[in-house]
Amino acid sequence: MLRIAIDKIDSLFDAIAEKQTLYIPVDREDGAAEYKKYESGMKMSNSLNTLRSAKDFFFPQTENLVEFKMEGKQIEVKDIREESEDFVIFGVRACDARSFSILDKVYLVDPVDSFYKNRRDHGVVVSMACTRPAETCFCSAFGIDPTAPEGDVSCWNDGSYIYFEANTEKGKAFVDSISSLLEDGDASSLENVKAETKRILSLLPLSNLSTDSFGGDKLNEYFNSEKWAELSESCIGCGTCTFVCPTCQCYDIKDFNTGNGIKRFRCWDSCMYSDFTKMAHGNPRISQLERFRQRFMHKLVYFPANNNGEFGCVGCGRCLSKCPISMNIVKVMKALEVK
Amino acid sequence: MQRIGVFVCHCGTNIAATVDVKAVAEALGHEPGVVISREYQYMCSESGQNLVKDAIKEHNLSGVVICSCSPRMHENTFRKAAAAAGLNPYLVEIANIREQCSWIHKDIATATEKAVILGRAAIAKVHLNAPLTAGESPVVKRALVIGGGIAGIQTALDIAEAGFEVDIVEKEPTIGGKMAQIDKTFPTLDCAACILTPKMVECSQNEKIHIHSFSEVTDVKGFVGNFSVTIKKKARYVDETKCTGCGLCTEKCPMKNVPNEFNMGLDNRRAVYIPFAQAVPKVATIDPNYCMMLKTGKCGVCSKVCSVGAIDYKQQDKFIEEKYGAIVVATGFNPIKLDKYEEFAYSQSPDVVTSLELERLMNAAGPNGGTLLRPSDKTHPHTIVFVQCVGSRCDDSKGKPYCSKICCMYTAKHAMLIREKYPDTEVYVFYIDVRTPGKNFDEFYRRAVEQYNVHYVKGMVGKVTPKSDGKLDVQASDLLANEQLHIDADMVVLAAAIEPDKTARPLATMLTTQMDTNDFFTEAHPKLRPVESATAGIFLSGACQGPKDIPETVAQASAAAAKAIGLLCKNSITCNPCVAHSNELMCNGCSSCEKVCPYGAITYQDKEFRMPDRTTAIRRVASVNPAVCQGCGACTVACPSGAMDLNGFSNSQIMAEVDAICK
Amino acid sequence: MQVNDNKEFQPLIVAFCCNWCSYAGADLSGTNRLNYPTNVKIIRVPCSCRVNPMFILRAFQRGADGVILCGCHPGDCHYTSGNYFTRRRMTLLFSMLDFLGIERDRTRVEWVSAAEGAKFAATMNEFTEAVKKLGPNRRLEDLRCKKQ
Amino acid sequence: MQEAMINKAKQLLADGTVNRVIGWKKGEFVYDITPAIFETAEELDADFVYNEFTAANVSKYLVKESKKEGKILAFLKPCDTYSLNQLTKEHRVNRDNIYVVGIPGGPKLDAEKIKAKGITGITGIKNENYTLKIETVYGEQTMPFYEAISDKCASCKSKKHVTYDELIGEDGDVLESNRFDMVEKLENMTAQERYDFWRAELSKCIRCNACRNVCPACTCEKCVFDNPESGVENKAASNSFEENMFHIIRAFHVAGRCTDCGECSRVCPQNIPLHLLNRKFIKDINSLYGEYQAGEDTTTKAPLNAYTTDDCEASIVHERGVE
Amino acid sequence: MNKNLQEQVIRTSGVNVLKCMRCGKCSGTCPSYDEMEYHPHQFVYMVEKGDIEKLMNSKSLYKCLTCFACVERCPRNVEPAKVVEAVRLAAVRQQGNNHLIPDQIPDMLDDDLPQQAIVTAFRKYTK
């Protein structure tokens, strides 16, 4: 298997960054990790995951769609789309790696979202297998194996070396482009690492979380559940869960009047917000209960109903640690679960 | 879609000389929503206004922008024109391209560019203007006159004559003011008392007029048509209703050495006193600073001699509250203090006096019974020097910057009277300019020179030095003879500058009216609204607005009365529609707005609302009384949710202006 | 911001003036032909207390390089107390902008009476110079609003 | 304490004083505690929790709850009572419908601080003599208790309950706190340093509105930033200006009303020290207009709704501190 | 009229002669009035007109005691003494015009005159 010694990883990053933009997770001063554009000397974070998910690379929080220039009474419409540059995201965890395929199911089906596709086509996802899962992790519940992450290229770390395996054409091309820096080596030590990780996974408090009772077939039952009132009662209606979530994909389109013209942009929206999907007649979901229900019904019921049973959650656990009032999908699943 | 008309005024060359008005009209014509853009010589002229009116009708305009002089000048003119053409007057906005553009800039290119930007801002604002309708509020049919001098008296008489109740608040124990202290009046030389006292009596006898003497205004609330005023009736320790004004107490009081302010301190009065014989109300007043009974509890002579038992040592200040539709300010003037002008030896020699002191010295009711005697030795003065412009026309650091206006004439009067009564007395008047515009004024001055042989010397007195022989060495320059004079004078009379009364400034704050830097009240317009303050319902009478002689004061007093009567005649007045209003759906009921409202215009109610989640809820929401609100906008910023907004200056309008300017 | 080719930086100054004192003071400086730069653009408000901090930030967002707020002298407010509230609000707002590292000289409150035409012109000259020295507003700018 | 609280709640439910109880409900882990409303003794027994992780300030929920039928029992920590008082002052809650039981406050712990030590896979946390014994799937770990104290409790301003109907335990005192230290440190930096500091912090903002939505002073029916009519509405922190605008205006809107409960910083998913903005206003207000503690009572005028004729001029900003 | 000289005098004096309202109080107050050919108010007026040379050639220049009475009492803050001083400076600065020669000094001496005054005067009036 192709590998590189961990102490030489910097030279690998330098080599990649020379050809294209490279993003790696780095530690911030406050201890949280975030993706940063690689510059020589940056150290890759060892933490389990980044505070914000990796979806920003393909679906950024705000993005301009079109511009209208106004000169007196004349209006000119400007298409501002540009071909994206090639880039590499390094160190994506299995949960986030899976989230891209969920986003693809939304944005790459007809009608294809050209802005999303443009980025997707130019981005190489290099994922990294987990070794120290946290108590908030529950990716296994969604069939994700954190020791075998998806992505264009998968990587493993045995403490001394990082091993590479290309999964796609794009991935192969990428590995080829850096092959001069890699060596072929024995990957047997990885088996122990994977086994240990799996042992830990089985000890995690959420290891027994089951998705069995969710999916598209019990829509009405869940929709009408009496539990929603109690579950949503303490929700403060902020957007934290949706904004840290790697799979939340809703956006709003807004116009910004610059004084000289209009910039039409889209930005992440949150179903927790009171003006979510507000239309001319008003808002279809008028209470926080309905908005709260929407988020979880979407992930656990509507999404699998439309996508062959695939759930709209990857169990990354970000919402578990970030919700201001500690209400989250796990608590919802456990409360709604039909035993 | 808006249909906006833009009209750019040349203002003759006032604007057109520095702003390319054609280019402005052209540029603004391309703005979104503008359907017509014209320029014209004088937009405010009748034909200019017709241009606007015709365009409104012809193009069915939904908004009008006039690029012209300051909105403070002609906003109302154009609003009225719009209204006449059927457009809501509040759909008119003014871009100030004269005072704030053409007059301050010299470069045509940049001034034109700025004019276009100001025009754009006005267009951006008018896009968001809403038609406003003025509400109405009732008028209390009663007027308050603050100050009981000749100005206040005349105003009160005129208002009472028209059939309205009037209250006069006078801080002294009697009305009459400065005119009561004056001996003769120019240019007719008739006796001031003879023409003033009948008016004072008329005031006291007119049943519509109520005099609050020895009283002060302590608080003013409310607004035009509906002021609520608190008046402090200071304790005079004499029951006004009982005192007959017999004056016995003022003769028996053992405290004899109280400086008599009516005679400018040139003689003494008692601790209980009536300022002068013709005082109105003719009621005694006890001066608590000197009365032994009030200070030590020992005496009580006045109480013993008073046959009607009017003396009341226990009297307290009393506060009364009254409602008025209009308030007339007539607080008058005082001569300035002369301690800054020691070169004239005012504090060194009793023979250096102010003109007002001279009035008392020459007055039959004055300290010398009308015979002019030197204060120092009571001898007849043979040489008298008058010094003009003492403290007037000065650099700010040296005195008052303005001309006190009355000094030239009263000095001519004094000189003439002295020469007539004492032909052996030489009179010198040192002047810078002799200013005598006024009917029969210059003739009067010439008479002093030609008929009475008063020596008018062009020049200024530099120094007055008291000499050991009791004379005063007056050192002065005679600019025409180009020589320095030394005159041995017996008396020197200083024409001290006049200044507004000290009570005017705090009163202005209570009334929320403006004053200039000299503490004269500012009129709403220097030419077109000279007797009104900028605050609706507050009128200005007499010298509180600027230096004036008696005829001018009386004229203004009557003018102010006419304006007040015009207001009081109405049953209700139209309110300013640019007032705050609360969007009840967004209001939190937090009371922030209420706490910053200076008028108490905001109240709260519990109302039932249908909430976004289709439940009903009782919520506490603010509502604004549009008749009370004056439209300052303090509440709009105190309100965190933006529920409170201001008509005519809404958040969105101001932000649109900001955007247009910063574009 | 207006930048003419090769010419010195011309800041855009937004001046909020209360209708009763400062706007009249600005008119007076016009009546007396007292010059101040065209950089200054005045917005009339009924009282300085009408000025919401949001307006000030808005001006910076849209391209202003300096914002000055003028009102009646304390004690002379046409509405009795408006400028006292202004004084507290703006003191705190400016202190906050300073706390965030925004240049202090970009904001100012000045009391100008209706009689102080000369002071108005002098203040505007002085403020424009001060902002000129700071250069274009970068720390509170919104790049979207830059004219391309 | 938890025991006493449950008993008190049961008693007040039983005697009809209240029909609901607002408190905290236990979660999946030891630290993920959710504010919740309990209606029966059974619910209390099953889920009510009060421990080192019950940091959430429940007073804001009372805006809605106090308008409902019947009285609600609210367990309030000292800092929470300030929030309630402020809400009462602003007529946002119906105090008559709330039965306040004052309970001793912190120090509360912040799970993020434990995780920041690299401790993960947490299955249990015990406080033994101010040493935290943390059970994890990777084995037991320890850390000093004080290192895990949440920021809001580390600079606690008061242990006194300013409003209550009943107390469990002793009432405390207003404390001399060090809460302005960081503000002062920033004030003493250069403008460029301050700018860089705040740019680094505020650029993290994802505009999730957690700070606003959790803030007991932000109870507007509709926030200006959510209202398209307001002209400043914005859903995303599109650029540095929007980030500044939102946080400056939010701080300004709560200036003189913020009780310094620290919830904004506690809930910020990006760990932005938002409370520093509020504390800057509090510090300025204290030094310029006299000591003022929002929520201390229900009658004093808020400093921005009041004035004195001899207040300092805005130019004081130019005259003090570091340029 | 000499524009350059006028500007020099106005600049060095720092006086705005246009503020004068021609009241003559300076001359009314001047203790050296009778000694002077041109009086304080004339200094101000002639500087305004630009009639500087006449003043420079006049002995009045050296009669002003610089007592500042005119400055103190001028209602308009015109400060005539500063104008006189500025004209004096203009005269002193003229090349080659020594207004005091050492030979004159012994005649001027008396017991009350401080030596410092002689030195100052010499410095002031010679080039």
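First the proteins, then the strands, lettered A, B, ... as listed; each starts at 1. On a predicted model such as this, the values are computed, not experimentally measured, just so you know.
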Below 4.5 Å from any heavy atom of chain D, which atoms of A:Pro133 appear? Answer side chain, backbone, both or neither. both
So, for D:Lys60 and D:Thr219, which heavy atoms are closest and what is the spacing to 0.1 Å? CE-CG2, 4.0 Å
Could you tell me which portion of D:Glu263 (side chain, backbone, both or neither) has an atom closer than 4.5 angstrom to a non-hydrogen atom of chain A? neither
Quick check for you: among A:Glu34, A:Arg132, A:Met327, A:Glu63, which has the greatest number of heavy-atom pairs under 4.5 Å with chain D? A:Arg132
Contact class of D:Arg212 relative to chain A, heavy atoms under 4.5 angstrom: neither
Select one option (side chain, backbone, both, neither) describing which atoms of A:Asn328 are under 4.5 Å from chain D's heavy atoms. side chain
D:Ala210 portion near chain A, given a 4.5 angstrom heavy-atom threshold: both
D:Lys235 bridged to D:Asp226 by N-O distance under 4.0 Å: no
Between A:Arg28 and chain D, which part of the residue has a heavy atom less than 4.5 Å away: side chain, backbone, both or neither? side chain
Would you please classify the geometry between the A:Phe57 ring and the A:Tyr23 ring as parallel, tilted or perpendicular, with 30° and 60° separating the classes? tilted
Residue selection (most heavy-atom pairs with chain A, distance under 4.5 Å) from D:Ser238, D:Ala111, D:Gly121: D:Gly121
For the pair D:Tyr50 and D:Trp24, name the ring-plane relationship: parallel under 30°, tilted 30 to 60°, perpendicular over 60°. tilted
About how many Å separate CD1 of A:Ile200 and OG of A:Ser207, when rounded to the nearest 0.5 Å? 11.5 Å
Contact part of D:Thr123 toward chain A, heavy-atom cut-off under 4.5 Å: side chain, backbone, both or neither? side chain
Among the options D:Glu112, D:Arg266, D:Lys222, pick out the one with the most heavy-atom pairs lying under 4.5 Å from chain A. D:Glu112
Could you look at D:Ile33 and say if it's the side chain, the backbone, both or neither that has a heavy atom under 4.5 Å from chain A? backbone
Pair A:Arg293, A:Gln288: side-chain N/O donor-acceptor within cut-off below 3.5 Å: no
Does atom NZ of A:Lys278 have more than 12 heavy-atom neighbours from other groups under 6.0 Å away? no
Polar side-chain atom of D:Gln2 near backbone of D:Phe48 as donor-acceptor pair, under 3.5 Å: yes
To the nearest 0.5 Å, what is the distance between OG1 (D:Thr40) and CZ (D:Arg20)? 13.5 Å
Within the 3.5 Å criterion, strictly below it, is a donor on A:Glu290 or A:Ser287 matched to an acceptor on the partner's side chain? yes
Measuring heavy-atom distances to chain D, does A:Leu48 have an atom under 4.5 Å in its side chain, in its backbone, in both, or in neither? neither
Identify which one of A:Leu103, A:Asn49, A:Asp96 satisfies the side-chain contact (heavy atoms from CB on, under 4.5 Å) criterion when paired with A:Pro246. A:Asp96
Is D:Glu43 close to chain A through its backbone or its side chain, or both, or neither, when contacts mean heavy atoms under 4.5 Å? neither
Which atoms of A:Thr62 are under 4.5 Å from chain D, going by heavy atoms: the side chain, the backbone, both sets, or neither? side chain
Measure distances from A:Ser270 to the heavy atoms of chain D and classify the residue's part below 4.5 Å as side chain, backbone, both or neither. neither
Nearest 0.5 Å, what's the CG-OG distance between D:Leu87 and D:Ser59? 5.5 Å
Let me know if A:Thr136 has heavy atoms under 4.5 Å from chain D in its side chain, its backbone, both or neither. both
Top of D:Thr136, D:Val214, D:Asp32 for chain A proximity - count of heavy-atom pairs under 4.5 angstrom: D:Asp32
Please flag which part of D:Lys117 lies under 4.5 Å from any non-hydrogen atom of chain A: side chain, backbone, both or neither. neither
Turns out that what part of D:Asn234 lies under 4.5 Å from chain A's heavy atoms comes down to side chain
Chain A interface, residue from D:Ile206, D:Val137, D:Asn271, D:Ile37 that has the most non-hydrogen pairs under 4.5 Å: D:Ile206
Which atoms of A:Leu204 approach chain D - backbone, side chain, both or neither, heavy atom under 4.5 Å: both
Do A:Ser45 and A:Asp27 meet the criterion of a side-chain donor-acceptor pair at a distance under 3.5 Å? yes
